[in-house]
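Keep in mind that what you see is a predicted model, and the values were worked out from it rather than measured. Proteins come first, then strands; the chains are lettered A, B, ... in the order of their sequence lines, and each starts at number 1. Note that these values count all heavy atoms, side chains included, but never hydrogens, waters or copies made by symmetry.
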Amino acid sequence: MKPAPFDYLRAESVAHAVQSLADAGGDGKVIAGGQSLMPMMNFRLVKPSLLVDINHIPDLAGIRQQGGRLGIGALVRHRTTAADPVIARHVPVLHAAMRHVAHLTVRNRGTFCGSVCHADPAAEMPMIALLLDGTVQTATPRGGRRLPARDFFLGPLMTALEPDELVTEIEMDTLPADTGWGFEEFARRHGDYALAAVAVTVDRQDGRAAGPRIAVMGVGDRPMRMPEAEAALDGSDMGEAAIDAAVEALRATIAPNADLHASADYRRHLAGVLAGRALRGAWTRARERLAA
Amino acid sequence: MTGRADITLSVNGQSYTRRVDPRLLLSDFLRHELGLTGTHVGCEHGVCGACTILLDGRSARSCLMLAVQAHGAEVETIEGQGTVAALGPIQQAFREHHALQCGFCTPGFVMTILDMLRHHDLGDDAAIREALSGNICRCTGYEHIVNAVRALVRERGKPA
Ligand SMILES: Cc1cc2nc3c(=O)[nH]c(=O)nc-3n(C[C@H](O)[C@H](O)[C@H](O)COP(=O)(O)OP(=O)(O)OC[C@H]3O[C@@H](n4cnc5c(N)ncnc54)[C@H](O)[C@@H]3O)c2cc1C
Ligand code: FES
Ligand code: FES
């Protein structure tokens with residue numbers, strides 16, 4: 001197999017990369033880890049005229065924590081995200097999700113930002129960016145944008161990015177130590193793309209749920225937040241009746257596809273089971289929030 | 001850079017300079033340009049692991065990289081791991097534990113295991129199995145490969 005012919009450019013800076021993308025007139029593609037793009041190019045599903053390699057741009061490989069937010073730079077590999085002590089401590093739901101992502105060799109090269117830009121509807125990182133009210137920081141020759149994760153995913157492998165737009169960093173909430181969180185995934189084989197997964201966070205105030213967040217993947221054309229299920233839980237005692245109501249709301253919201261691996265009904269059922277588990281786990285972890 | 005590109009890289013400690021098309025995969029470069037056919041090609045979309053090499057000390061799928069991307073890099077392939085007369089330690093463990101049958105997957109496993117032994121704890125069988133999960137073998141049923149790695153992990157702790 002061979003990709004269709006293209007020109008290749010090793011970008012030296014963010015400005016160099018976005019100017020080259022702009023010069024390619026909409027036909028250029030960024031390559032980061034290449035772990036999703038190269039298979040698509042080998043199959044000729046993607047045929048860029050110019051490939052802009054960002055792997056040698058300095059200062060894009062940082063992870064920073066600041067004021068309740070975590071920033072992950074464009075060249076942070078899955079291996080690093082999975083092992084980073086700041087993430088393990090302050091964004092444990094992302095740490096847990098990374099255990100399900102691909103295999104050792106793929107993790108050596110794949111990037112967090114590349115996964116979000118690829119926008120696979122069954123990928124963990126886009127879902128976590130959505131769960132934690134992420135913001136996508138971009139650069140273009142006309143300046144940068146800050147795109148909320150909520151507006152970023154438009155469909156399967158489709159995002160709000162312009163052809164000459166480079167993601168430089170993705171930012172998301174860190175979790176205070178008393179916030180409960182849960183992550184549940186079901187895949188046929190460890191490290192493969194999942195049939196479904198659910199991630200949640202919940203605070204506990206006076207014994208009741210405060211500001212619950214629920215995100216799902218694998219059951220639609222993009223990762224999704226579940227506002228109806230979140231509303232069903234907010235202020236509840238997180239008892240079985242409240243969790244059942246949230247699970248029913250979630251099942252009523254999603255419209256999964258059937259494919260080779262599972263029927264639509266099975267996926268809907270599975271997403272509900274995973275949500276129930278994730279919510280119970282999160283509530284067990286949540287600690288009473290002390291008055292400020 | 002447009003059109004063909006001049007690249008210089010090190011493969012198993014030897015430096016090579018070649019002119020290549022940007023679309024040439026690193027796996028094809030190793031096999032067709034350098035004649036290093038030990039790096040096998042199974043799926044060419046990242047799922048089988050047969051093409052695994054080390055790039056600057058870490059394992060990588062050579063079918064998911066372009067030769068131009070390896071400009072300036074240090075590549076290690078199965079050819080650097082030993083010879084028929086003098087097997088490397090991982091090859092020796094595979095031999096002792098019957099960890100191969102047809103051998104198609106073996107170069108990818110050996111290179112993955114090299115990365116595993118250098119950089120990962122591998123404290124128990126579950127960790128070994130997880131680290132091997134990106135490589136497909138259609139013959140052995142994996143059991144003997146796990147046995148070989150377990151033995152290598154035990155050896156790792158000992159002074160040479
Ligand atoms: C065998 C295998 C198993 C896998 N299993 C999983 C899994 O279980 N879960 C999972 O989530 N993923 C999985 N993946 C995919 C992997 O996580 C990829 O690394 C990830 O999807 C893409 O990241 P990348 O850095 O490799 O991006 P690339 O492949 O380089 O790029 C992907 C897309 O994003 C664009 N892009 C990349 N970076 C930027 C940027 N900074 N700005 C703008 N656009 C950008 C590219 O142009 C391209 O369109 C698997 C891959 C393989 C080969
Ligand atoms: S040939 Fe590269 S992973 Fe299968
Ligand atoms: S020994 Fe035949 S595929 Fe592994």
Side-chain angles (χ1 to χ4, degrees), chain A residues 1-12 16 20 23-24 28-29 31-56 77-80 82-83 99-110 114 187-193, chain B residues 1-5 7 20-28 32 41 43-49 51-73 108-109 111-116 119-122 126-136:
Chain A
M1 259 184 296
K2 265 191 188 47
F6 53 83
D7 284 329
Y8 169 87
L9 180 117
R10 191 178 268 201
E12 281 150 21
H16 185 208
S20 312
D23 293 345
K29 262 280 177 204
I31 184 164
Q35 303 301 292
S36 295
L37 182 60
M38 285 304 302
M40 296 183 71
M41 287 177 51
N42 285 353
F43 285 131
R44 300 200 178 194
L45 294 170
V46 180
K47 293 184 260 184
S49 65
L50 175 73
L51 203 58
V52 176
D53 189 344
I54 64 169
N55 283 282
H56 299 270
R77 316 281 171 184
H78 300 338
R79 181 183 83 225
T80 307
R99 297 194 50 234
H100 298 267
V101 175
H103 318 276
L104 176 137
T105 299
V106 172
R107 291 187 201 171
N108 279 342
R109 291 203 60 80
R188 307 260 312 239
R189 208 172 62 123
H190 180 91
D192 284 358
Y193 279 109
Chain B
M1 172 194 312
T2 58
R4 284 161 73 81
I7 62 168
V20 297
D21 275 331
R23 66 168 163 164
L24 183 66
L25 301 178
L26 181 58
S27 46
D28 286 341
H32 304 156
V41 163
C43 67
E44 293 193 308
H45 63 281
V47 302
C48 76
C51 67
T52 305
I53 51 123
L54 297 196
L55 180 87
D56 294 327
R58 296 281 187 168
S59 61
R61 308 289 212 216
S62 61
C63 74
L64 299 187
M65 275 196 70
L66 302 163
V68 278
Q69 290 189 286
H71 173 59
F109 270 96
M111 299 314 287
T112 305
I113 292 165
L114 198 57
D115 184 352
M116 287 165 58
H119 299 114
H120 295 262
D121 277 350
L122 311 173
I128 293 173
R129 284 175 192 281
E130 202 209 303
L132 291 173
S133 67
N135 291 65
I136 291 175

Under a 3.5 Å distance rule, please check whether A/Asn108 uses its side chain to pair with a backbone N or O of B/Arg58 as donor and acceptor. no
At a heavy-atom separation under 4.5 Å, does B/Leu55 approach chain A through its side chain, its backbone, both, or neither? side chain
Sub-4.5 Å side-chain heavy-atom contact between B/Pro22 and A/Leu51: no
Quick one: what part of B/Asp115 sits under 4.5 Å from any heavy atom of chain A, side chain, backbone, both or neither? side chain
Identify which part of B/His119 has an atom lying under 4.5 Å from any heavy atom of chain A, answering side chain, backbone, both or neither. neither
Interface check, chain A: of B/Ser59, B/Gly134, B/Ala60, most non-hydrogen pairs under 4.5 Å belong to B/Ser59
Under 4.5 Å heavy-atom distance to chain A, tell me which part of B/Thr52 shows up: side chain, backbone, both or neither. side chain
Closest non-hydrogen contact found for B/Leu26 with B/Ala70 is CD1-CB, 4.0 Å
Under 4.5 Å from a heavy atom of chain B, the part of A/Leu37 involved: neither
With a cut-off of 6.0 Å (strictly less than), are more than 12 heavy atoms of other residues, nucleotides or ligands near CZ of A/Arg99? no
Assert top hit (heavy-atom pairs under 4.5 Å, partner chain B, pool A/Arg189, A/Arg107, A/Arg79, A/Met41) equals A/Arg79
Donor-acceptor pair, distance only, cut-off 3.5 Å: does the side chain of B/Arg61 make one with the backbone of B/Cys51? no
With side chains defined as the heavy atoms from C-beta onward, is the minimum distance between B/Met116 and B/Leu132 less than 4.5 Å? yes
Under 4.5 Å from a heavy atom of chain A, the part of B/Gln69 involved: both
